[in-house]
Amino acid sequence: MSAIGWELPQWAERVAASLGDARYVNLGVGLPAKLPHYLASRSIMFHCENGIVGTGPAPDAGDEIPELIDASSNFVSLQPGGVVVPFEVSFSIIRGGHLDATVLGAYQVSAGGDLANWSIPGARIAGVGGAMDLAVGARRVIVMMHHTNRDGSPKIVDELTYPMTARGCVDVIVTNCAVIDVSPAGLIVRDVPEGMTIEELQGMTGAPLRLSVAGTRGR
Amino acid sequence: MSAIGWELPQWAERVAASLGDARYVNLGVGLPAKLPHYLASRSIMFHCENGIVGTGPAPDAGDEIPELIDASSNFVSLQPGGVVVPFEVSFSIIRGGHLDATVLGAYQVSAGGDLANWSIPGARIAGVGGAMDLAVGARRVIVMMHHTNRDGSPKIVDELTYPMTARGCVDVIVTNCAVIDVSPAGLIVRDVPEGMTIEELQGMTGAPLRLSVAGTRGR
Amino acid sequence: MTHLSGDIRSDTLAKPIVTAAEAVEGIADGSVVLVGGWGGVGVPHALLTALAATSVSELVVVTNNCGMGHRGDVGLLFEAGRVRKAITSFPIHPAGVEFRGALARDEVEVELVPQGTLVERMRAAGAGLGGFFTPTSAGTPLGEGKEERTIDGRLQVFETALHGDVALVHGHRADTYGNLRYRYAAGAFNSTMAMAANRVIVEVDEIASDPLDPEQVDTAGIFVDSLTVVGAP
Amino acid sequence: MTHLSGDIRSDTLAKPIVTAAEAVEGIADGSVVLVGGWGGVGVPHALLTALAATSVSELVVVTNNCGMGHRGDVGLLFEAGRVRKAITSFPIHPAGVEFRGALARDEVEVELVPQGTLVERMRAAGAGLGGFFTPTSAGTPLGEGKEERTIDGRLQVFETALHGDVALVHGHRADTYGNLRYRYAAGAFNSTMAMAANRVIVEVDEIASDPLDPEQVDTAGIFVDSLTVVGAP
């Protein structure tokens with residue numbers, strides 16, 4: 001992990017920018033679950049696999065409704081206009097392209113946008129949940145992950161070595177060190193933290209990077 | 001049409017008996033739509049393709065609800081416990097084997113239980129509606145039709161000459177002249193109007209009939 | 001500032017409320033248009049009337065019925081010559097003179113689909129599924145030419161997802177977020193079509209000022225693109 | 001006599017109201033048992049507790065989670081050694097010690113299915129469809145060995161209908177006709193499983209004396225075989 005990477009607020013800001021004007025969004029567990037705090041001023045309906053369209057902030061203690069939880073099993077509220085749909089409709093929403101975007105954590109992303117985020121190599125058993133449905137179904141798949149593993153090995157790789165979630169599904173990778181578009185022309189760096197060079201970034205990345213023609217920090 | 005066939009009340013009584021203890025039933029348009037009057041003492045929830053489970057008698061003039069209609073586009077009421085389900089669920093009910101029985105009108109039924117009830121030969125265009133779904137989906141398919149066409153030609157035939165609705169789907173044929181089980185052993189006559197002989201019945205029928213071992217009028 | 005922020009949020013998540021004429025603007029020639037309703041109930045009369053008044057042509061219309069002589073029903077589209085093809089389950093009605101006229105003039109191609117298959121093909125589209133096997137129509141003229149497979153001992157045919165470019169939906173009540181309620185059986189075809197088209201145009205009898213009960217919504221606003229109040233200017 | 005006739009009708013259409021122990025009687029060894037709930041919500045605790053207390057064995061359990069350490073969750077079945085196989089989407093939980101124990105003892109086979117595919121396979125069963133093509137899992141380890149087909153330019157895999165012999169469903173409120181309401185997200189898996197099994201056993205928090213609002217029912221009584229009130233003796 002680079003010492004000069006973005007802290008969470010700046011990182012989250014880049015994810016928010018990558019969301020564009022997305023209004024219906026599913027946030028994966030882990031890092032993406034931290035986003036609502038940074039998206040409070042945005043008009044977004046957060047979808048949860050269990051059928052809630054429009055999860056709101058955690059209720060005050062004592063106001064919890066047991067049947068209103070998110071994918072991390074935390075209590076949530078319903079935002080105004082939020083609803084609960086039948087479970088099979090919830091997955092029609094996911095798989096049918098009705099979500100503007102999803103933000104997912106990941107173990108690895110490949111140069112071609114293949115995603116690995118549900119299991120580790122050699123695992124006897126893992127949970128997949130809705131990960132594969134989200135990866136194939138959301139109109140835009142944004143990955144939010146650290147740029148490297150703790151040991152410094154790259155999480156952006158030429159070819160996945162972790163079990164695949166979906167092929168070629170990732171549109172944007174927002175790490176703590178870069179905003180990278182996954183395009184037919186390859187991985188295009190659009191933004192890096194101040195002071196970081198493309199050479200430094202490439203050194204932490206397991207697949208070739210190209211600089212955006214428009215330069216970095218384009219929205 | 002035999003002069004000595006059952007009148008509607010007696011005929012409907014045979015259909016009712018064929019329903020056994022069916023509780024969830026779809027009635028087709030035409031002749032079967034006349035049945036509720038004769039089934040008033042029975043505990044049956046009538047299903048309609050449009051999503052109503054539990055149609056009740058026509059409301060009094062002025063009490064009609066425009067969105068409560070049956071397959072004949074007549075106004076209906078909701079019986080106690082009746083509900084409206086989403087349309088796709090209504091067809092899950094039909095196709096998924098959740099109806100105990102359906103009673104359908106027919107142009108022809110074959111010796112093997114093939115049903116023809118949606119189109120006539122050479123028609124440029126026809127309506128099929130839910131006929132094919134009901135024929136393949138209901139647990140028990142009961143056909144209620146006149147024993148012959150107006151010209152005396154048989155409606156029960158060796159092989160269909162009318163376009164098929166579904167193959168081998170019919171369980172019982174209740175005509176104005178006979179109650180006939182469709183079985184692997186062939187067409188088994190279970191009941192005929194008083195005074196009718198099996199020879200007379202066979203003469204009006206285009207496929208071989210067998211007499212029930214238990215004799216006629218078995219329930 | 002919390003209050004202001006709340007207002008901004010509401011505004012951006014709110015669905016555009018437009019006239020029927022505005023709602024149907026920009027529907028391209030040749031579009032696949034899904035038209036809700038069943039047996040004359042739940043039919044989007046205002047939107048159909050507005051669509052018939054445009055100059056769009058060569059539409060592929062997916063509709064259970066092809067007109068029953070009711071004012072503002074899909075017969076308008078056949079009368080106005082807007083339809084190249086109808087994908088339909090129960091097209092014939094004694095009072096459906098406009099459709100019969102279009103048929104007689106050889107203006108319209110008909111694809112007849114069993115009702116359950118018709119709704120399921122649109123559900124598959126809305127649910128992101130490529131297709132499904134169903135026993136309905138297997139071995140019949142309507143199953144001819146379709147891929148067959150015996151599953152669990154039953155002959156089944158393969159049916160593909162049916163996507164709409166546009167859906168015309170009639171609801172009873174909406175909130176500003178586009179959440180919808182239908183009245184009794186008036187959701188027939190509407191609720192499925194609302195999930196199966198790129199652009200979902202909804203007419204309603206009324207728009208509530210408060211959000212609908214979140215546990216009593218038939219179609220969630222996520223599926224809806226615009227709202228039109230029936231009878232509004 | 002109209003009144004009497006009305007009573008008879010109600011009685012015959014009413015669903016049996018039974019204890020949890022009675023509800024799970026007669027479930028055969030080797031049955032496919034669908035267990036509702038998601039993330040600890042909507043779990044049929046009373047029925048699971050009763051089922052764990054029987055001597056049934058070799059069950060194939062279909063359940064999103066395999067136990068989260070909650071009292072009366074599906075972990076009971078693993079602990080009691082009733083399960084031969086779990087068909088599941090998210091089996092692992094830090095507190096799911098009973099399932100992990102059964103795994104460690106090599107007592108239980110696991111079929112891991114993406115969540116959307118899992119619910120859709122049961123929906124197909126309930127809807128009388130033989131199977132469907134979905135893009136989910138295509139090209140991944142979970143899609144290995146499945147029939148593949150490219151539809152609309154996307155690689156998809158064929159998934160078959162998943163039927164239950166029995167479904168254990170948790171609802172909030174029922175009427176005597178078996179019509180059900182769930183609370184908020186507690187319908188997850190329950191509403192689909194209620195359509196996908198030969199025998200649908202429902203536990204509810206309460207049974208209303210009057211019929212539920214016919215336009216606000218989540219699962220229609222046609223799907224329901226028996227009712228058990230949670231906490232009743």
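Computed from a prediction, not measured in an experiment: that's the story for all the values here. Numbers restart at 1 for each chain; the letters A, B, ... are given by sequence-line order, proteins then strands.
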Out of curiosity, [X] [atom1] to [Y] [atom2], how far, rounded to the nearest 0.5 Å?
{"X": "D/Thr136", "Y": "A/Phe91", "atom1": "OG1", "atom2": "CZ", "value": "9.0 Å"}
{"X": "A/Met132", "Y": "D/Thr117", "atom1": "CE", "atom2": "OG1", "value": "9.0 Å"}
{"X": "D/Ile92", "Y": "A/Ile125", "atom1": "CD1", "atom2": "CD1", "value": "5.0 Å"}
{"X": "A/Phe87", "Y": "D/Gln115", "atom1": "CZ", "atom2": "CD", "value": "4.0 Å"}
{"X": "A/Ser73", "Y": "D/Asn65", "atom1": "OG", "atom2": "CG", "value": "7.5 Å"}
{"X": "A/Cys48", "Y": "D/Trp38", "atom1": "SG", "atom2": "CH2", "value": "4.0 Å"}

(request) Would you mind reporting whether D/Val110 and A/Arg124 have side-chain heavy atoms less than 4.5 Å apart? (result)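 They are not in contact (no side-chain heavy atoms under 4.5 Å apart), so the answer is no.
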
(message) Can you confirm whether A/Val136 sits close enough to D/Arg154 that some side-chain heavy atom of one is under 4.5 Å from a side-chain heavy atom of the other?
(response)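 A side-chain contact under 4.5 Å exists here.
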
Is [X] close to chain D through its backbone or its side chain, or both, or neither, when contacts mean heavy atoms under 4.5 Å?
{"X": "A/Ala71", "value": "both"}
{"X": "A/Asp114", "value": "neither"}
{"X": "A/Val128", "value": "both"}

Below 4.5 Å, heavy-atom pairs only: which of [options] has the largest tally toward chain D?
{"options": "A/Leu78, A/Asp133, A/Ile52", "answer": "A/Asp133"}
{"options": "A/Ile94, A/Val84, A/Leu160", "answer": "A/Val84"}
{"options": "A/Gly129, A/Ala166, A/Ser92, A/Ala135", "answer": "A/Gly129"}

When heavy-atom pairs shorter than 4.5 Å are enumerated against chain A, which of [options] gives the highest number?
{"options": "D/Gly143, D/Pro91, D/Ala186", "result": "D/Pro91"}
{"options": "D/Glu120, D/Met68, D/His93", "result": "D/Glu120"}
{"options": "D/Ser191, D/Gly139, D/Pro141", "result": "D/Pro141"}
{"options": "D/Leu142, D/Thr192, D/Thr134", "result": "D/Leu142"}

(message) Between D/Arg123 and chain A, with a heavy-atom cut-off of 4.5 Å, which part of the residue counts as in contact: side chain, backbone, both or neither?
(response)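 Side chain only.
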
(message) Please classify the contact of D/Leu118 with chain A as side chain, backbone, both or neither, using a heavy-atom distance under 4.5 Å.
(response)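 Answer is neither: D/Leu118 stays 4.5 Å or more from chain A.
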
Counting only heavy atoms from other residues, nucleotides and ligands, does the tally under 6.0 Å from [atom1] of [X] exceed 12?
{"X": "A/Leu8", "atom1": "CG", "result": "yes"}
{"X": "D/Arg181", "atom1": "CZ", "result": "yes"}
{"X": "D/Arg71", "atom1": "CZ", "result": "no"}
{"X": "A/Asp63", "atom1": "CG", "result": "yes"}
{"X": "D/Asp152", "atom1": "CG", "result": "no"}
{"X": "D/Glu107", "atom1": "CD", "result": "yes"}

(request) Verify, without hydrogens or angle tests, whether A/Arg95 (side chain) and D/Gly116 (backbone) share a donor-acceptor contact under 3.5 angstrom. (result)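 Flag set: sc A/Arg95 to bb D/Gly116 pair under 3.5 Å.
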
(request) List the atom of D/Thr140, the atom of A/Thr165, and the distance in Å for their closest heavy-atom pair. (result)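 Minimum heavy-atom contact is CG2-O, 3.3 Å.
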
